[in-house]
Amino acid sequence: MHPSTWAIRGGRPEAVNDPLNVPPVAASNFRLPGPDGPDRDKVYTRSEGTEVQTALETLVGGLDGGAGLAFSSGMAAAACVFNRLAVGSTIAIPTDPYHAVAALADEGEAQGRWSVTRIEPADTVGWMTALRNCELVWVETPANPLLDVSDLPAICAADRPPSTVLAVDSTFATPLVQRPLAMGADVVMHSATKFLGGHSDLMAGVLIVNDGQPELAESLYQRRLIDGGTIGSLDAFLSIRGIRTLELRVDRACRTAMILADRLEEDSRVGLVRYPGLATHPTHEHAAKFMERFGAMISFDVLGGGHAASVVASSTQIINHATSLGGVESTWERRSVIPGQERIPDGLIRFSVGCEHVDDLWGDIDQALSAAGQ
Ligand SMILES: *Cc1c(COP(=O)(O)O)cnc(C)c1O
């Protein structure tokens, strides 16, 4: 089954008279059997989840091709991967990962829990070296917010000891753009708050573990049980509902993003445009090698610098001036105002392209650029 079909088919009840959708199950607790009863499948929701959490895990597991685990947020999922490491471990992360992932890594290092190496997303040799020397190698591609693409096929195929975990934050891509487990990664993480959920109405995160790594899956399951990051029932239900239209949304948004990236690049009011689908993007060659689409995230510099970019970002009527991404509704914001993102160009706007009509979006961009006197 293609991922686009599984997004619609996966995680549904199968028996006659079953509802087509698993409803949200409002229970923290399950009735236990007597002394000779059957094995217990569900006991307590923080541990096993309810039927709807299980359905979401089946659904996302099939999309990326592994065993799914669902969390209350993307950061709960990411923290689970970090927090299972033994004290004294070494970790490699990108130079500019998602800011809360950077904080997680840096704070753990400051506390003496592990040491952290930072690697440029495009430095394939750097990643290969890290794979030989680190317990956890955390790749994020496309990376936030410059949209650099790592050479995933080369990194996933590189030699590494069995104890090294190669994790990929695939949030900006979705399983319809890249499938790291099929290339050989050990675990994939998505903030389902973004494209998987797709409507900016929930918080959720997922890990999908390679089927060849049952011990890793078990240790992540135990870690989640202890830390308590299991997803809530209603958010699991909403996540499934969002994923049903994943292909429609992602396909539309990626097509629109390509058109808008081309138009922005030709516009004299705009500086550098960063979109992995543009031949001018520094890592376009990596992207063209394995990405099935080029994603729905664009970053561009407003000529005129930080203040002009802030005026542009807040002068829209259709595009929402908001921080998050991956919804049917377009959002954008100036990124250098985020703490820890000082390396980001002052006038850079990160744009999450939604599903509105491309001409309406372009009209909005055009008038916002004009409002800044650009
Ligand atoms: C949003 C995001 C996260 C964190 O996810 P939350 O659901 O906000 O906790 C991690 N990585 C990337 C790339 C993200 O965009």
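Read the numbers this way: they start at 1 and go in the same order the structure lists the ligands and their atoms. Residue numbers start at 1 and run along the sequence shown.
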Q: Walk me through it: do S324 and K194 pass the test side-chain contact (heavy atoms from CB on, under 4.5 Å)?
A: CA-CA 7 Å; S324 193; K194 317 292 171 55; 3.4 Å; yes
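Taking the charged nitrogens against the carboxylate oxygens, E57 and R224 do have a contact shorter than 4.0 Å, which makes a salt bridge. A salt bridge links D346 with R334: at least one charged nitrogen is closer than 4.0 Å to a carboxylate oxygen.
The aromatic rings of H284 and F294 sit tilted relative to each other, their planes meeting at an angle between 30° and 60°.
A side-chain N or O of E135 and one of T90 form a donor-acceptor pair less than 3.5 Å apart.
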Pick out the protein N or O atoms lying less than 3.5 Å from any N or O of ligand 1, and list each pair with its distance.
residue	atom	partner	partner atom	Å
ligand 1	5 (O)	S191	OG	3.0
ligand 1	7 (O)	G74	N	2.9
ligand 1	7 (O)	S191	OG	2.8
ligand 1	7 (O)	T193	OG1	2.7
ligand 1	9 (O)	G74	N	3.1
ligand 1	9 (O)	M75	N	2.8
ligand 1	11 (N)	D169	OD2	2.7
ligand 1	15 (O)	K194	NZ	2.7

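For E218, the side-chain hydrogen bond (donor to acceptor under 3.5 Å, both in side chains) criterion is met by Q222, not counting sequence neighbours.
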